[in-house]
Each structure stands twice: as structure tokens, then as C-alpha cells.
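Computed from heavy atoms alone, side chains included, the values below leave out hydrogens, waters and symmetry copies.
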Amino acid sequence: MAWDKSTGLDVVRALTALEVQWQRLGAPIATALEPGISSEEIDRLAAPYGLAIPGELKALWGWHDGARAVAPGRHRWTVGPGSYEFLSAQGSLESYAFNRRVHEESPGDDPLQDPYWHRTWLPFMTWEAKRLYVDCDRTDQFGASPVRLVTWEWENVQVDRAMSVAQVIRIWTWLLEQDLYRVVRDDAGYAWWEPVEWSRVPEFLRRSGLA
């Protein structure tokens, strides 16, 4: 398991704390995580797409490379708040290619008027039309990657929802620590997350799209 040391340690610490909450709450994803992959393997996967993967995402996939495939008809393995699916590195790149194809750039496109999927936008967590992404060409002075969100409406797509991937993970951990989400199971053995009481989730997090 390898990652960019300048940013990776903060991400791994945040992920470890999140995993503790998954285990405490009996979240299915806690037993469905795939082994991590190396920084070199991530670079190899990304090479055909011409992307330089930020250190925070290398740390994420170095920790665990997503969760195992879900059987047909089963609920997805989601992280909890926001119902986001933890994509593998390959799954993230495939989502990137899909969005580039569907939301194709044309000459003269204005992202505020005619949205398109930019060449450097890499989605790493998704839920239906919601895609959390980082701009692979944009990191701050500490090497962190601000996180943004694209939805059906394509509103505020270039507004930072969090200052880093690590911050997103810490937000999710806090929400679980406060018991604002729970795992629900039905008689068939399906399990999923839902808010205990949506109004108790802080409004700024509800508006951010992260919760």
C-alpha cells in the first residue's frame, strides 16, 4: 500500500476513524472493502486517461480500493451520509470516461451556461446523478484536493463543498459519531443507511450535498 506521504497520512487517519464508526453501527461496507492498491498501480490505470491522480485519492485507494461488487438486486455498499458509493480507482476512471462522453465539451462551451465535464474532473464517490469530484490539476499549497459536486441540475458545480478529501471523510465520521444516521435492515437481509431525523443534520451540511 503506497500513497503521497505529504497528504496521505491525514486521509488514512480520517478513513480509519470512519471505519470505526462503520463497525460500531454494523454498516455492511465494513465487511466489503477491497484491498488497497499501490500508487504505481493507480498511475498505470490512469495513464490511458492522461490524468495525474492527486495524493489524497492515491491515499484513499491505497487504504482500500473501493468495495467489492454488489450482487444483482442488492443495495450498494455506501459510506453512510449522502449515500455515496465508494468507487474503486478503476470504477472512478470509468465514471470519468462516462461523464466525459455524456457531457461532451464543444468549442466555445461556457461551464456556467452550457455545462460539460472537464478534462481534469475525476469523480470518486457517486450516488445516482450526484458525483463528488476533484480537479486533478488543482491542489492547495499543502497538496490537498478541494472537493466539488455535480448533480442533475449542474448548479454551483465549481463551488468547493470541502477543502479536501480528508475533510469530507471527517464530516461523514462526525455525522456517524453523533448518531445522526443509522443502518436499516429488512426481513430479506437488505441493509441501507438513512438519517435518524433529517432536521437534526446541520443545515449547512444538508445544503452542501455531503450529508
Side-chain angles (χ1 to χ4, degrees), residues 10-34 36 56-57 59-88 91-92 95 122-134 144-153 155-157 159-211:
D10 191 34
V11 174
V12 173
R13 285 173 174 165
L15 288 163
T16 300
L18 179 60
E19 186 177 20
V20 168
Q21 296 306 311
W22 288 342
Q23 293 169 346
R24 179 179 72 88
L25 296 167
I29 192 173
T31 59
L33 297 169
E34 294 283 15
E56 285 199 307
L57 291 186
L60 175 69
W61 294 319
W63 178 68
H64 285 289
D65 187 30
R68 67 173 180 265
V70 178
R74 306 291 292 188
H75 288 276
R76 299 169 305 118
W77 310 116
T78 66
V79 299
S83 294
Y84 289 103
E85 183 173 3
F86 178 11
L87 299 179
S88 66
S92 176
S95 181
L122 180 61
F124 66 99
M125 298 270 183
T126 61
W127 178 64
E128 296 184 347
K130 294 170 65 177
R131 289 143 288 172
L132 291 178
Y133 77 90
V134 301
S145 303
V147 176
R148 293 175 169 180
L149 173 67
V150 174
T151 66
W152 278 115
E153 295 81 9
E155 293 181 350
N156 301 317
V157 297
V159 172
D160 293 343
R161 306 305 173 110
M163 298 310 298
S164 66
V165 174
Q167 185 181 38
V168 170
I169 296 163
R170 287 194 293 268
I171 287 170
W172 289 339
T173 301
W174 181 84
L175 288 166
L176 300 186
E177 288 174 340
Q178 302 304 308
D179 291 321
L180 295 175
Y181 283 79
R182 62 186 174 189
V183 176
V184 179
R185 301 179 186 276
D186 64 15
D187 293 338
Y190 297 145
W192 63 95
W193 292 92
E194 66 178 28
V196 173
E197 186 177 340
W198 184 235
S199 62
R200 289 177 53 199
V201 176
E203 184 178 1
F204 78 95
L205 291 179
R206 284 183 271 147
R207 289 181 177 273
S208 73
L210 299 177

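- For the pair Leu149 and Leu132, the minimum side-chain heavy-atom distance is below 4.5 Å.
- Residue-environment remark: CZ (Arg24) exceeds the threshold of 12 foreign heavy atoms within 6.0 Å.
- Here the side chains of Leu180 and Leu176 are not in contact, with every heavy-atom distance at 4.5 Å or above.
- One finds no salt bridge joining Arg200 and Asp179 here, because no Lys/Arg side-chain nitrogen approaches an Asp/Glu carboxylate oxygen to under 4.0 Å.
- A distance-only check finds no donor-acceptor pair linking the side chain of Glu34 to the backbone of His64 [under 3.5 Å].
- A distance of 11.5 Å separates CZ of Arg207 from CZ of Arg161, quoted to the nearest 0.5 Å.
- With hydrogens and angles left out, the side-chain atoms of Gln167 and Arg170 include no donor and acceptor closer than 3.5 Å.
- Expressed to the nearest 0.5 Å, how far CD1 of Ile169 lies from CG of Leu18 amounts to 7.0 Å.
- The backbone N or O of Leu210 sits less than 3.5 Å from a side-chain atom of Trp172, completing a donor-acceptor pair.
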Practice task
Show the numbers, then the answer: is there a side-chain contact (heavy atoms from CB on, under 4.5 Å) between Leu33 and Glu19?
Solution key: CA-CA 10 Å; Leu33 297 169; Glu19 186 177 20; 3.9 Å; yes
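- In this structure, Phe124 and Leu60 have side chains that are in contact, with non-hydrogen atoms separated by less than 4.5 Å.
- A donor-acceptor pair is defined here as one N or O able to donate and one able to accept, closer than 3.5 Å; no such pair exists between the side chain of Trp127 and the backbone of Gly82.
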Exercise for the section: Dump the intermediate steps for side-chain contact (heavy atoms from CB on, under 4.5 Å) on Val184 and Trp193, then the final yes or no. Expected result: CA-CA 6 Å; Val184 179; Trp193 292 92; over 6 Å; no
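- Panel note: side chain Trp22, backbone Val79; a donor-acceptor pair is recorded below 3.5 Å.
- Side chain of Arg131 to main chain of Leu122: no donor-acceptor pair is present (N/O by atom type, distance under 3.5 Å, no hydrogens or angles).
- Looking at heavy atoms from C-beta onward, Val196 lies out of side-chain contact with Tyr181 at the 4.5 angstrom threshold.
- Across all non-hydrogen atoms, the minimal contact from Trp61 to Leu87 is NE1-O, 3.0 Å.
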Exercise for the section: Could you please spell out the steps behind the side-chain contact (heavy atoms from CB on, under 4.5 Å) verdict for Phe86 and Ile29? Expected result: CA-CA 9 Å; Phe86 178 11; Ile29 192 173; 4.2 Å; yes
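- Side-chain N or O atoms of Glu56 include none that pairs as donor or acceptor with a backbone N or O of Ala144 at under 3.5 Å.
- When all heavy atoms are compared, the tightest approach of Ala129 to Trp152 is CB-NE1, 3.0 Å.
- Here Arg182 contributes atom CZ and Trp192 contributes atom CH2; the two are 10.5 Å apart, rounded to the nearest 0.5 Å.
- When all heavy atoms of Val201 and Arg206 are compared, the closest pair comes out as O-NE, 2.8 Å.
- Using a 4.5 Å heavy-atom cutoff, the side chains of Pro81 and Ile171 are not in contact.
- Looking only at side-chain heavy atoms (C-beta outward), Val165 and Val147 come within less than 4.5 Å of each other.
- With hydrogens and angles disregarded, a donor-acceptor distance shorter than 3.5 Å links the side chain of Ser92 to the backbone of Pro123.
- For the residue pair Val159 and Arg148, the shortest heavy atom distance occurs at O-CG, 3.3 Å.
- Between Val183 and Pro28 there is a side-chain heavy-atom pair separated by less than 4.5 Å.
- In this structure, the side chains of Pro202 and Trp174 come closer than 4.5 Å at one or more pairs of heavy atoms.
- A donor-acceptor pair is defined here as one N or O able to donate and one able to accept, closer than 3.5 Å; such a pair exists between the side chain of Thr16 and the backbone of Val12.
- Taking each heavy atom of Ala162 and Val168 in turn, the nearest pair found is CB-CG2, 3.4 Å.
- Using a distance-only test at 3.5 Å, with no hydrogens or angles considered, no donor-acceptor pair links the side chain of Tyr133 to the main chain of Met125.
- When all heavy atoms of Thr151 and Lys130 are compared, the pair lying nearest together is CG2-CG, 4.0 Å.
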